[in-house]
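Report on the structure given below.
These figures come from a predicted structure and were not determined experimentally.
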Amino acid sequence: MNFWSLSKAKNKEGKIAIVTGANVGIGYETTKGLASVGVKVIMACRDLSKAESAKQKILQSIPEALLELMEIDLASLSSVRSFAKDYKAKFDKLDILVNNAGVMMTPFQKTEDGLELQMAANYFGHFLLTGLLIPVLEKSFRSRVVSLSSLAHRWGDIHFDNLNAEKGYDRRQFYAQSKLACLIFAYHLDKKLVKKGYDMHSYAAHPGVSKTNLMRNLPKWAKFLSPVLMPFFSQSAEKGALPTLRACLDDTLNGAEYIGPSGKKQYKGHPVIVDSDYNSKDKHKAKKLWKLSEEIVNFKYFKNNDEPKAQAS
Ligand SMILES: NC(=O)c1ccc[n+]([C@@H]2O[C@H](COP(=O)([O-])OP(=O)(O)OC[C@H]3O[C@@H](n4cnc5c(N)ncnc54)[C@H](OP(=O)(O)O)[C@@H]3O)[C@@H](O)[C@H]2O)c1
């Protein structure tokens, strides 16, 4: 079969992308892949010294890479707002937004905004970031928003009565909920953009099981077994970034595709269009989640249902 690979991507000089969590893992490899085809990448990271080391490492293999660092903490709504403000002051367009940063199975923690950490960093922060950046995305030809989901989206559901762990916390369930929310968001955003006539699409991607730092909060027994088991059902971060890169760069996609690995159970393999759980396509759930998310982050994407333009703030 003729699978998509980075070598199939056209040169994208002149394009600009933001990758959140670009200093390591899937975000790092995504940054490297985008830079290799001429995209200028804003590495949006919470620790600028780690980001600088990652930038230097990429420059060693791609000396012509156009990379810039900007600080963002996705778990802080005020940090997301100031990032978006600074970006819009500096750049007048955005071609690709990659909502990549994430944490998995963290011990219970509330953010400064009173949100559960996994929901905040993985979902709410990116929901707000995307909305705030629509005015610059809108200025590019066929711009794209790519949101990272996970096989874990199948483990759970959106618990509207416990979205922020007011009634209890299970770290696995909350990771699943956050990644299902990211996927619902990616699909629903595309529908809204099409309906409102934007020259912009939203996609989702997942890296299967990739060797990154994400597993740091796994239970001890899982960490103990992973060196033995991981080689059988996991892939490198470089391969794991290919679904994201395809969602960013493949000109034949139409919008709202979900890209993941081709192999058995989507653990590893080539980047292909994959299907997702029925929960991720539930229209009522999507509308309810969107409305609640706008209230929680205190930002309205579109001024009213008929308004074709995003709010500029
Ligand atoms: N690896 C997998 O098998 C797998 C599977 C399914 C989905 N995913 C998804 O892929 C994405 C990337 O994960 P990864 O595997 O590359 O994990 P990773 O190696 O742990 O990288 C996560 C990145 O997110 C950043 N980050 C975490 N919290 C942040 C915050 N509050 N603000 C800003 N940046 C933050 C991290 O920054 P620091 O370095 O400063 O911590 C790091 O750059 C995530 O969305 C994850 O859910 C991964």
Side-chain angles (χ1 to χ4, degrees), residues 4 6 8-20 30-31 33-35 37-42 44 66 68 70 80 83-100 126-149 182-205 243-259 271 273 280-281 283 286-287 290 293-294 297 299-313:
W4 189 88
L6 197 48
K8 291 214 167 84
K10 291 194 187 126
N11 185 284
K12 301 280 179 184
E13 268 167 43
K15 301 249 179 214
I16 180 163
I18 294 173
V19 178
T20 66
T30 301
T31 302
L34 290 173
V37 294
V39 178
K40 175 184 172 106
V41 185
I42 308 304
L66 296 171
E68 215 170 299
M70 281 181 73
V80 171
F83 173 91
K85 195 170 164 219
D86 292 350
Y87 181 88
K88 287 188 278 191
K90 215 166 169 191
F91 303 100
D92 58 2
K93 67 153 194 162
L94 174 62
D95 298 283
I96 305 166
L97 169 63
V98 185
N99 290 328
N100 167 81
H126 287 120
F127 179 87
L128 177 60
L129 180 67
T130 307
L132 290 168
L133 292 174
I134 283 189
V136 270
L137 283 159
E138 205 188 342
K139 294 199 178 126
S140 294
F141 173 68
R142 291 201 186 145
S143 50
R144 296 175 180 221
V145 178
V146 178
S147 299
L148 268 285
S149 185
C182 291
L183 189 51
I184 291 175
F185 166 67
Y187 289 148
H188 202 59
L189 175 63
D190 194 67
K191 267 197 195 125
K192 281 191 175 273
L193 293 170
V194 170
K195 196 171 159 200
K196 290 172 187 297
Y198 282 86
D199 182 28
M200 191 190 308
H201 280 289
S202 164
Y203 304 87
T244 307
L245 285 165
R246 181 170 177 195
C248 291
L249 299 170
D250 183 351
D251 295 327
T252 68
L253 299 176
N254 298 312
E257 284 94 342
Y258 183 34
I259 317 287
I273 296 169
S280 63
K281 302 174 203 160
K283 274 189 240 158
K287 280 185 185 165
W290 190 280
S293 304
E294 286 191 332
V297 305
F299 175 82
K300 201 156 169 48
Y301 267 64
F302 307 103
K303 281 179 194 154
N304 63 52
N305 285 341
D306 309 315
E307 187 81 41
K309 297 283 170 210
Q311 193 174 287
S313 69

Going by atom types only, do T130 and N99 share a side-chain donor-acceptor pair under 3.5 Å? yes

For the CG atom of D250 and the NZ atom of K10, what is their distance to the nearest 0.5 Å? 9.5 Å

Regarding H126 and T20, is there a side-chain donor-to-acceptor distance under 3.5 Å anywhere? yes

CH2 on W290 to CZ on F127, rounded to 0.5 Å: 5.0 Å

Ion pair check, D92 and K139, cut-off under 4.0 Å: no

Could you list the residues that satisfy salt bridge (charged side-chain N to carboxylate O under 4.0 Å, His left out) with E294, not counting sequence neighbours? K300

Is it true that the side chains of S140 and D95 contain a donor and an acceptor less than 3.5 Å apart? yes

Quick check with a 6.0 Å cut-off and a 45 degree axis cone: is K192 positioned over the face of F302's six-membered ring? no

Roughly how far apart are C248 SG and I96 CD1, rounded to 0.5 Å? 5.0 Å

For W4, ring pair (Phe, Tyr, Trp, His ring centres under 6.0 Å) partners two or more places apart: none

Taking only residues two or more places apart in sequence, or in another chain, which ones meet Y203 in a ring pair (Phe, Tyr, Trp, His ring centres under 6.0 Å)? none

Residues in ring pair (Phe, Tyr, Trp, His ring centres under 6.0 Å) contact with F83, at least two apart in sequence or another chain: none

What is the distance from atom OG1 of T31 to atom CD1 of I18, rounded to the nearest 0.5 Å? 11.5 Å

Look at the side chain of R144 and the backbone N and O of S202, then say whether any donor-acceptor pair between them is shorter than 3.5 Å. no

Which residues pass the salt bridge (charged side-chain N to carboxylate O under 4.0 Å, His left out) test with K287, not counting sequence neighbours? none

Closer than 4.0 angstrom, basic N to acidic O: yes or no for E138 and K93? no

Testing R246, K12, K15 one by one against D251 for a salt bridge (charged side-chain N to carboxylate O under 4.0 Å, His left out), which residue passes? K12

Please enumerate all residues that pass salt bridge (charged side-chain N to carboxylate O under 4.0 Å, His left out) together with K281, with sequence neighbours excluded. D275

